[in-house]
Amino acid sequence: MHREDPQDKISRSFIEPELEFEVKKDLYQFLELQPESQADDPDFDPLYDRICHKIAEEAKQKQRKKVVKLIRYVLTRAAIFLLGILSYALIAHPYFYPKTATELTLIAPEHAVSEAILPDGSKVFLNAKSSVHYHQDEKTELREVFLSGEAWFDVKKDKDHPFVVNTAGYKIRVHGTRFNVRAFPGDQEMTTTLQHGSVEILPGDEKQKLTPVMLKPGQKFVFYPATGKGIIAGVQAGFASLWKEREIRFENKSFKDLLEMLEGRYNVRFVVKDQELFNYHYNGTIRDENLSTVLDILKQTLPFHYHTLADGRIQIEK
């Protein structure tokens with residue numbers, strides 16, 4: 001059986017007073033084994049007291065060292081904490097480190113739709129092969145987006161920080177709204193379709209002779225880069241942004257409306273030679289099928305043929 005070290009037992013007796021009698025007993029037994037001394041029946045209580053006093057002093061020294069270490073630890077951590085607070089203040093406070101602009105670039109890869117939240121809280125969907133660059137200048141208090149491709153915006157209202165979308169053909173000044181912009185480089189036309197709220201179409205630069213115009217929900221602005229002119233047309237605004245939906249359900253839609261939906265979803269343009277096809281109506285659901293699969297399914301209901309033209313458009317004929 002393991003025998004406890006006498007000094008450890010004496011040290012514990014300071015915490016556990018009931019051990020005092022046992023410690024004295026051990027001390028008497030130890031002394032009985034020693035050679036006899038000249039004194040008879042010595043009083044060992046003072047000896048015990050001196051031993052205890054010595055051990056107590058050693059214990060105090062150890063405790064004092066622990067306290068000093070603890071104080072040093074706390075002070076060190078406090079210094080690190082204060083240094084962190086000071087560093088944050090130096091970085092975050094505009095007096096020390098003036099923040100002038102917020103920048104963000106988003107890119108949607110080919111055959112994929114991307115969704116993101118802009119730094120101001122606005123939501124944006126990017127169609128395939130599209131990109132936006134967000135810039136917010138603290139000096140001018142202007143929120144700007146530079147778009148290449150197609151995007152759907154749900155802009156957070158902020159009267160103190162105007163929101164402007166820049167395309168290669170014109171600018172769009174937003175007043176807290178939802179709208180779709182299609183502005184691929186090289187396209188024969190660029191469009192802005194308003195679903196909710198209001199937007200203002202503005203010239204892209206001072207040289208451009210484009211008359212500013214306000215759009216209402218259900219209207220589409222079509223811009224022709226070749227001529228620098230634009231027109232406004234009434235549309236079913238929801239069609240323009242169907243490309244961002246994972247599933248499209250339609251009931252009793254005309255062939256014309258259906259093709260418009262497909263144009264937005266698959267980033268294509270159709271040319272229909274036989275106008276009689278527009279009289280047909282369809283019910284159905286489009287999920288993640290590719291365009292060829294969708295057209296082949298439609299062919300089972302309506303006899304038509306299709307092929308791709310040299311300019312990338314799809315021609316449909318009987």
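Just so it is clear, the values below take in all heavy atoms, side chains as well, and ignore hydrogens, waters and symmetry mates.
- Remark: the backbone N or O of Gly204 is paired with a side-chain donor or acceptor of Gln208 at under 3.5 angstrom.
- Within the 4.5 Å cutoff, side-chain heavy atoms of Lys273 are placed close to those of Gln315.
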TODO: Show the numbers, then the answer: is there a ring pair (Phe, Tyr, Trp, His ring centres under 6.0 Å) between Tyr170 and Phe221?
DONE: CA-CA 11 Å; Tyr170 54 92; Phe221 176 76; 5.1 Å; yes
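- Ion pairing between Asp120 and Arg143 holds under the 4.0 Å rule for side-chain N and carboxylate O.
- Few gaps surround NZ on Lys299; more than 12 heavy atoms of other groups in view lie less than 6.0 Å from it.
- Between Phe255 and Phe304, the gap from one ring centroid to the other is short of 6.0 Å.
- The local environment of CD in Glu103 is crowded, with over 12 non-hydrogen atoms from other residues, nucleotides or ligands closer than 6.0 Å.
- Using a distance-only test at 3.5 Å, with no hydrogens or angles considered, no donor-acceptor pair links the side chain of Glu115 to the main chain of Leu126.
- The main-chain N or O of Leu242 is never found under 3.5 Å from a side-chain atom of Glu245 such that the two would form a donor-acceptor pair.
- Considering Leu298, Ile314, Asp257 in turn, Leu298 is the only one that fulfils the side-chain contact (heavy atoms from CB on, under 4.5 Å) rule with Leu262.
- A donor-acceptor pair under 3.5 Å is absent between the side-chain atoms of Thr191 and the main chain of Val222, judged by distance alone.
- Both the sub-6.0 Å distance and the 45° axial angle are satisfied by Lys244 relative to the ring of Phe125.
- Here the NE2 atom belonging to His281 is positioned 11.5 Å from the NZ atom belonging to Lys256, to the nearest 0.5 angstrom.
- Side chain of Asp274 to backbone of Lys318: a donor-acceptor contact under 3.5 angstrom is found.
- Applying the 6.0 Å contact sphere to OH of Tyr280 captures no more than 12 heavy atoms from other residues, nucleotides or ligands.
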TODO: Applying salt bridge (charged side-chain N to carboxylate O under 4.0 Å, His left out), run through Arg313 and Asp311 and close with a yes or a no.
DONE: CA-CA 6 Å; Arg313 294 180 299 167; Asp311 61 2; 2.7 Å; yes
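- You'll find the side chain of Glu200 reaches within 4.5 Å of the side chain of Leu202, heavy atoms only.
- For the residue pair Glu150/Asn180, the side-chain donor-acceptor check at 3.5 Å is satisfied.
- Inspection of the His305 and Glu317 side chains reveals no N or O donor paired with an N or O acceptor under 3.5 Å.
- Shown here is Gln275, whose CD atom has more than 12 heavy atoms of other residues, nucleotides or ligands within 6.0 Å.
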